[in-house]
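By convention in this document, chain letters (A, B, ...) are assigned in the order of the sequence lines, proteins followed by strands, and residues within each chain are numbered from 1.
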Amino acid sequence: MGAATTALDVKSLTKVFHERGNKSVKAVDSISFQVNQGEVLGLLGPNGAGKTTTIKCILGLMRPDTGEIRVFGENVEACYPRVLRNMSAVLEGSRNLYWRLTVWENILFFARLHGVTSREDKAHFENLIRLFSLEDKRNAEVRKLSQGMKQKTSIVCTLARRTPVVFLDEPTLGLDVETSLELRHVLKQLASEENRTIIVSSHNMDVIQDVCRRVIILSQGRIVADDHISDLVSLFKTKAYRIILLEPVPEGLEEALASRFKGATVTGDGRRTEVRVNLLENDDIYTLMDILRDRGAIIDEISNEETDLEKAFLEIVRRERNNHESS
Amino acid sequence: MNPVSILVAILQRDWAMMRRYIVNTVSSLVSIYIIFLFIFLGIKGLSSYAAIGALEGTLEGTVIGFFVWTFSVIAYSDLAWSLIVEAQAGTLEQLYLTPAGFKWVAGCTVISNLALNFVPVVLLLVVMMATTGQWLNLDFISLVPLLLITILGAYGFGFALGGLALVYKRLQAIFQVFQFVLIGFLVVPQRLPWAKFLPLSLGNSLIYDVMVDGVRLWELPTGSVLTALLVGAAYFAIGVVIFSVCENIAKDRGLLGHY
């Protein structure tokens, strides 16, 4: 198997917004990452983490302060706007469309701007319409569609441009569960069949976990994690424990746990007690058992907490914030 | 990237929009006609109406001035308005993702607006001529190039205002005021030595010669035609430069998608 082609290479990207009164906000702080062709990458982060700014800098819609961005080896700044033939994006979902034009007219318009006009291209548009179940709405004006259908049309218009790199910023925003599932299915299918590089930015962890293999987590403009989702999840899986005690909260337990395990919670309903704790080191489990034994706790149940991407994400961001505040 | 493909896309989009917003299209033409009617009735009512500049106290001058003004307003406002509307709608950033560059999209938008507005505005001219009873010479071979030269300066203002709209977003008040500034350019007397360096002014005077006196394009003084062309091109270039500067500011500040 040959070496994977690098589709996107971001080096030391920094974007600072200057506000009135000489104040400035570092929206993106010297981030670097690469994405291979055919890879589906998730971009996660709390509000204001720098996800959209990063995407817009890559697309040339914002000018970075420093850094270098290459798409298939081409320097974005030097080759702009020609380099856009390799990139397209859903940026604000349904707002990316002309609501007075029909679904088909929107697709044709945006594809034409990218020079995608051949007969074979039109067959591809029809296929996308089928994939996204928009056949009945092909000639309907966008303003008459539901929010979910508008969102799907917006994604179809982006995919119709047939660019090898596609950015989807919050593609499931405002979608119901069923449509969101449908969209996830289609994205996975497209990634595998068309070898496109897809970068998905979303608050919806289920979408990222379902569609992407790798995820980059941004917090306060910096990359705080860049790993395969399975690795991130397993990193937290082994160390999050839930313990049920068959008694009211033992005296001094909460204080003892808090002093040893940051973020540990103890809740009781008068008959039973639930302890939730994240263990940082491998031998912390012995310390935990010692604390429970010293307070004569009767353990009813002990289990590894199910860890998913959301828990991993929250933990990573929390740690990053704590580090940032303490420094 | 083929610019023809962009032009076809934009023409198709604008044609579809024009049909779907037909009430808006018709009502804007009717509004222009009503304004003209008020001016016409005002002129008739003022027997002491003084000869000022291109109008020279004639109804022909009023009709021609109004015709050129209508095209000029379309020229300067359509691009600037469409930038504001596209930013509000959320499609502006998508247009900026065109591999040929946004300037081609903007240029094609201008051509599309002109092409789609040409027939309705000429029809409006015919209605204005019928209203006044002043039938003017419609020599399109002479008229169209002169009209393009004349409104080139207005397009420059369109690009400049469009650029400012990218940064400052709400410029509707300036747009309204600017319509009257354009009237000022059209009525400045050509006998003033600096008048020919104003946008629209000299071109409007040449159009008057074609439509009233029946002069053909090649019969006009070459120096005047060239001056009108250079003045128009200069204002156009200044407008494009201002647009580029504003575009860079908008990209630096991350304002392209704001509304």
Exercise. Side chain, backbone, both or neither: which part of A/Phe110 has a heavy atom under 4.5 Å from chain B?
Worked result: side chain

Problem set entry | Contacting region of A/Phe17 [heavy-atom separation from chain B under 4.5 Å] | side chain

For this session: Go through the side-chain N and O atoms of A/Thr102 and A/Asn139 and say whether any donor and acceptor fall under 3.5 Å apart.
Result: no

Exercise. Where does A/Ala89 contact chain B at under 4.5 Å (heavy atoms): side chain, backbone, both or neither?
Worked result: both

Problem set entry | Contact class of B/Leu97 relative to chain A, heavy atoms under 4.5 angstrom | both

For this session: Give a yes or no on whether B/Trp104 atom CH2 has more than 12 heavy-atom contacts from other residues, nucleotides or ligands under 6.0 Å away.
Result: no

For this session: Look at atom NZ of B/Lys169 and say whether more than 12 heavy atoms of other residues, nucleotides or ligands are closer to it than 6.0 Å.
Result: yes

Problem set entry | Heavy-atom contact with chain A under 4.5 Å, split by part of B/Ile10 | both

For this session: Against chain A, label B/Tyr21 side chain, backbone, both or neither, depending on which of its atoms sit under 4.5 Å from a heavy atom there.
Result: side chain

For this session: Any salt bridge (charged side-chain N to carboxylate O under 4.0 Å, His left out) involving residues 39-53 of chain A? Give me the pairs, sequence neighbours left out, ordered by first then second residue.
Result: A/Glu39-A/Arg214

Problem set entry | Greatest number of heavy atom pairs closer than 4.5 Å to chain A - which of B/Val105, B/Leu255, B/Leu95 | B/Leu95

Seminar exercise, completed: Turns out that what part of B/Arg13 lies under 4.5 Å from chain A's heavy atoms comes down to both

Problem set entry | B/Ser112 side chain to B/Cys108 backbone, donor-acceptor under 3.5 Å | no

Exercise. Taking every heavy-atom pair that is under 4.5 Å apart, which of A/Thr163, A/Val90, A/Asn106, A/Leu101 has the most such pairs with chain B?
Worked result: A/Leu101

For this session: Sort B/Glu86 into side chain, backbone, both or neither according to what part of it lies under 4.5 angstrom from a heavy atom of chain A.
Result: side chain

Exercise. Any salt bridge between A/Glu68 and A/Arg70, counting N to O under 4.0 Å?
Worked result: yes

Exercise. Salt bridge between A/Glu77 and A/Arg63, side-chain N to carboxylate O under 4.0 Å?
Worked result: no

Problem set entry | Proximal component of B/Glu93, with respect to chain A [non-hydrogen, under 4.5 Å] | both

Exercise. Do A/Glu126 and A/Arg138 meet the salt-bridge criterion of a basic N to acidic O distance under 4.0 Å?
Worked result: yes

